[in-house]
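Computed over heavy atoms, backbone and side chain alike; hydrogens, waters and symmetry mates excluded. Being a predicted model, the structure only gives us computed values, none of them experimental. Numbering starts at 1 and runs along the sequence shown.
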Amino acid sequence: MALNNTYEARLVQQETALGAGLQVLVLVLLGSAIGLGPAGWLTGLAFAIATWAVLSRALHRSGSKSFGPANRVTLGRATLVGGVTALVADSFVNSPPITLFVGLAAVALILDGVDGKVARRTGTCSKLGARFDMEVDAFLILVLSVYVSMSLGPWVLLIGGMRYAFVAAARALPWLNAPLPPSTARKTVAALQGILLLLAASGYLPLAATQAVAALALGTLVWSFGRDILWLYRTSRPRTAPVASLVPVEQRLRALVSEAVSR
């Protein structure tokens, strides 16, 4: 049994290492296609190492015996996100080919709807898989917001940073860690962020339309977070039972009279 567990653990670690290797391959392909600069290379490699390290630790702590097909899809998405991250880092010096940039980000967004379906069909849903998927989504939104902010201004960074600000606030306010009820509106707003930011990043729209699209993304996100935070705050407040002093005086007098008569 111990040998089987060791063998399975090695297989899981090998798959995470393979993901890091694929990330390097994506960087090599980008470098040969567009001449990726030092900033892009360093950022892409840092992303690959960080993803491998964090995912390996999470898998070890969860005791997962199999990486699972859904996590493989998410790992593929993470590899694409790493490529997008490298392009954004390189864009501070050289603008990336917009078709390549939009293509990588679009495929990563499209695959967001695949890993969940794969997990449900194969019966491999897990908290680790859901968290992995969410972190990849959040980081892609952050990277896209950085790219769009270079043309529209730093206010766009609020879109990518809002989720991380919420996580930081939850450390100081434990009631923010309470589970939220399922919400179609929340899922819709989350999915819209990537689509709207990618549209704003594409450069296909006039400046005014691009600003409107980014503002729509920020507005819907503020509404979604605000609604959830309000719900968490209301449910965290203790419900106090009515105290005796709130009982009408007349009712209390009648109770005293009835008690005296019965004696």
Side-chain angles (χ1 to χ4, degrees), residues 1-24 26 44-85 105 107-143 160-171 174-184 186-191 193-194 224-225 228 232:
M1 182 65 69
L3 290 176
N4 287 336
N5 291 337
T6 302
Y7 176 72
E8 290 169 346
R10 286 179 179 175
L11 286 179
V12 171
Q13 295 301 324
Q14 287 173 0
E15 292 202 64
T16 58
L18 177 61
L22 289 175
Q23 183 68 79
V24 174
V26 168
L45 290 174
F47 179 88
I49 294 171
T51 302
W52 170 78
V54 172
L55 186 56
S56 296
R57 183 182 179 186
L59 286 166
H60 177 72
R61 293 178 64 181
S62 67
S64 298
K65 297 181 180 180
S66 174
F67 197 63
N71 284 334
R72 294 188 186 103
V73 176
T74 309
L75 185 60
R77 289 182 56 230
T79 302
L80 295 176
V81 172
V84 174
T85 303
V107 174
L109 289 172
I110 291 171
L111 289 178
D112 184 28
V114 175
D115 45 13
K117 291 181 180 179
V118 171
R120 288 187 291 271
R121 289 183 179 180
T122 58
T124 55
C125 296
S126 67
K127 291 182 178 180
L128 174 62
R131 180 66 181 272
F132 184 25
D133 178 58
M134 181 176 62
E135 294 299 338
V136 172
D137 290 341
F139 195 80
L140 177 57
I141 296 303
L142 176 62
V143 171
M162 198 170 302
R163 188 255 173 184
Y164 295 99
F166 180 85
V167 172
R171 293 180 178 274
W175 54 269
L176 289 174
N177 290 310
L180 288 164
S183 171
T184 302
R186 186 188 310 119
K187 293 180 180 179
T188 302
V189 169
Q193 300 309 302
S224 180
F225 269 98
D228 287 343
L232 289 170

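Residues forming a side chain to side chain contact (heavy atoms under 4.5 Å, CB included) with Ala170 (at least two apart in sequence, or on another chain): Leu176, Asn177. By the salt bridge (Lys or Arg N to Asp or Glu O under 4.0 Å) test, Arg131 pairs with Glu135, sequence neighbours left out. Take Arg186 and apply the salt bridge (Lys or Arg N to Asp or Glu O under 4.0 Å) test, not counting sequence neighbours, and it matches Asp228. Partners of Phe225 by ring-ring contact (aromatic ring centres under 6.0 Å, His included), not counting sequence neighbours, listed by chain and number: Phe166.
When all heavy atoms are compared, the tightest approach of Ala105 to Leu140 is O-CD2, 4.5 Å. Here the closest non-hydrogen pair linking Gly82 and Gln23 is CA-OE1, 3.3 Å. Heavy-atom minimum distance, Ala108 versus Val81: CB-CG2, 4.2 Å. Across all non-hydrogen atoms, the minimal contact from Leu128 to Ala58 is CD1-CB, 3.6 Å. The heavy-atom pair separating Val189 from Ser224 by the smallest distance is CG1-CB, 3.9 Å.
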Could you go step by step and tell me if Leu55 and Leu75 meet the side-chain contact (heavy atoms from CB on, under 4.5 Å) rule? CA-CA 10 Å; Leu55 186 56; Leu75 185 60; 4.1 Å; yes

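Judged as a ring pair (Phe, Tyr, Trp, His ring centres under 6.0 Å), the pairs with a partner in residues 122-142 (not counting sequence neighbours) are, in order, Phe47-Phe139.
Between Met162 atom CE and Gln193 atom CD the span is 8.0 Å, to the nearest 0.5 Å.
Counting only heavy atoms from C-beta outward, the side chains of Leu80 and Val26 never approach each other to under 4.5 Å.
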Sequence neighbours left out, cut at 3.5 Å: what donor-acceptor pairs do the side chains of residues 110-118 make with other protein atoms?
unit_1 : atom_1 : unit_2 : atom_2 : d
Asp115 : OD2    : Thr74  : OG1    : 2.9
Asp115 : OD2    : Arg77  : NH1    : 3.4

